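To start, the structure under review is shown below, and the notes come after it.
Every chain is numbered from 1, with letters handed out A, B, ... down the list of sequences. Nothing here was measured: the structure is a model prediction, and the numbers come from that model.
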2 protein chains.
Amino acid sequence: MAANSQFSMAVHVLTVLARHEGEKIKSEKIACSVNTNPVVIRRLLGQLAQAELVESQTGAAGGTQLARCPDQITLAEVYGAVSCGEVFALHGKPPDKNCPVGRNIEAVLCNLQKQIDRSVAETLSRHTLQGVLEVIEQERP
Amino acid sequence: MAANSQFSMAVHVLTVLARHEGEKIKSEKIACSVNTNPVVIRRLLGQLAQAELVESQTGAAGGTQLARCPDQITLAEVYGAVSCGEVFALHGKPPDKNCPVGRNIEAVLCNLQKQIDRSVAETLSRHTLQGVLEVIEQERP
DNA sequence: TAAAATGTAACTAAACTTGTTACAGTTATG
DNA sequence: CATAACTGTAACAAGTTTAGTTACATTTTA
């Protein structure tokens, strides 16, 4: 189970909201499409709300809707919102500082990590939620 | 603890080997620099050997050395060898196929995943072990 | 005031990574 | 040839993370 599919879920959730722009959607309805528990969805929506990608309303007749038009939400923002963390982890325990490699490798890896993060962000910023929605609508058999 | 630092460890291990080209290095010596257990290193070396990046010799006076020159080993190969898996995971449970989004979202995400993998590989292929080694040697105070 | 929704805390279960011990197999060397 | 010194690998424990679930306080509509 442990594999972090939050980004996948987030894109899914936002796409469902995008298909119903203007409407307020209940967490239970989204959960049904994602095939999970409504609480899992609400937790995820909390993160997306913090990133100001969605807006929720409590109370009866409450629900969630997009905070912006789908063509103004890039997948890079979504990725940043759910903060999947880094692509690879640095050393758990600190390396031996008596060894030249151990002393300097972390800086190298940290730099590498930043390059990869930028590269991933750049790739994702080329996609918008609108683009995803269009593929979905178009691919419907 | 659970965060997959195998790529970091692999780069570390290979850099240590690169610093001693031609010599056979014992897993215990590497483990000392990485600050972990020799068995962890040997497991990692097994993966690197399968990818033909290193060669090990058993028995007394055994050890491991690089299978190629450091300038002919890219970090993309290293990343591939330890197979950290994908940057994000697809859905755990399959989405609801009655919903248009649930029916088609996986294809979209899968495609996205491939794009990101390519992007990461492209970034990493710009770095060689030789390059890492030079930074390490140069940064020594 | 009651019903219906979100927000959130707490707990469980499953999966994964790392660390550790133990031991079989291999090889150099006295 | 016997021993010491390595690698390779299996098996297990411990810690962390994710997802799922239950429960309940809070908010809002009707």
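A side-chain donor from one of His127(B) and Gln115(A) sits under 3.5 Å from a side-chain acceptor of the other. With no hydrogens or angles considered, no side-chain donor-acceptor pair links Ser125(B) and Thr74(B) at under 3.5 Å.
Between Gly92(B) and Gly62(B), it is Gly62(B) whose nearest contact on DNA chain D lies nearer the 5' terminus.
Thr64(B) comes within 4.0 angstrom of nothing in the nucleic acid, heavy atoms only. Backbone-only engagement by Gly63(B) is indicated by non-hydrogen atom pairs under 4.0 Å involving sugar-phosphate atoms exclusively. Using a 4.0 Å heavy-atom cutoff across all strands shown, Gln6(B) reaches sugar-phosphate atoms only and no base atom.
Residues Val101(A) and Arg19(B) meet the side-chain proximity criterion, which asks for heavy atoms closer than 4.5 Å. When side chains are defined from C-beta on, Leu53(A) does not count as touching Leu66(A), because their heavy atoms never get closer than 4.5 Å. The shortest side-chain heavy-atom distance between Ile105(A) and Val132(B) falls under the 4.5 Å cut-off. Contact check for Ile73(A) versus Thr128(A): no side-chain heavy atoms found under the 4.5 Å cut-off. With a 4.5 Å cut-off on side-chain heavy atoms, Gln130(B) and Cys69(B) do not count as touching. Contact check for Ile30(B) versus Leu17(B): side-chain heavy atoms found under the 4.5 Å cut-off.
Atom pair Asn4(A):CG and dA14(C):P shows a separation of 20 Å (rounding to whole Å applied). In this structure, Gln47(B) atom CD and dG8(D) atom C1' are separated by 14 Å, rounded to whole Å. Atom CG of Leu44(A) is separated from atom C1' of dT8(C) by 15 Å (rounded to the nearest Å). Remark: C1' of dA5(C) and CG of Leu45(A) are 13 Å apart, rounded to the nearest angstrom. Distance, Ile41(B) CD1 to dT9(D) P: 16 Å, rounded to whole Å. With rounding to whole Å, Glu23(B) atom CD is found 16 Å from dC6(D) atom C1'. Atom CZ in Arg43(B) sits about 9 Å away from atom P in dG19(C), given to the nearest Å. Residue Leu90(B) contributes atom CG, which lies 13 Å from atom P of dA19(D) at whole-angstrom precision.
The side chain of Ser5(B) places an N or O atom within less than 4.0 Å of a non-bridging phosphate oxygen (OP1 or OP2) of dT18(C). At the phosphate of dA19(D), neither OP1 nor OP2 sits under 4.0 Å from any side-chain N or O atom of Thr36(A).
Crowding of Lys97(B) atom NZ: a count of heavy atoms from other residues, nucleotides or ligands under 6.0 Å exceeding 12.
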Once each nucleotide of nucleotides 22-30 of chain D is scored for protein heavy atoms under 4.0 Å, what B/S/- sequence comes out, 5' to 3'?
BB---BBS-
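For Ser56(A), the listed nucleotide lying nearest its side chain is dT6(C); candidates were dT6(C), dA19(D), dG19(C). You'll find that the side chain of Lys26(B) is closest to dT7(D), out of dT7(D), dG19(C), dT21(D).
Between Glu77(B) and Arg68(B) there is a salt bridge, since at least one side-chain N of the basic residue sits less than 4.0 Å from a carboxylate O of the acidic one.
For the segment residues 9-17 of chain B, no residue has any heavy atom less than 4.0 angstrom from an atom of DNA chain C.
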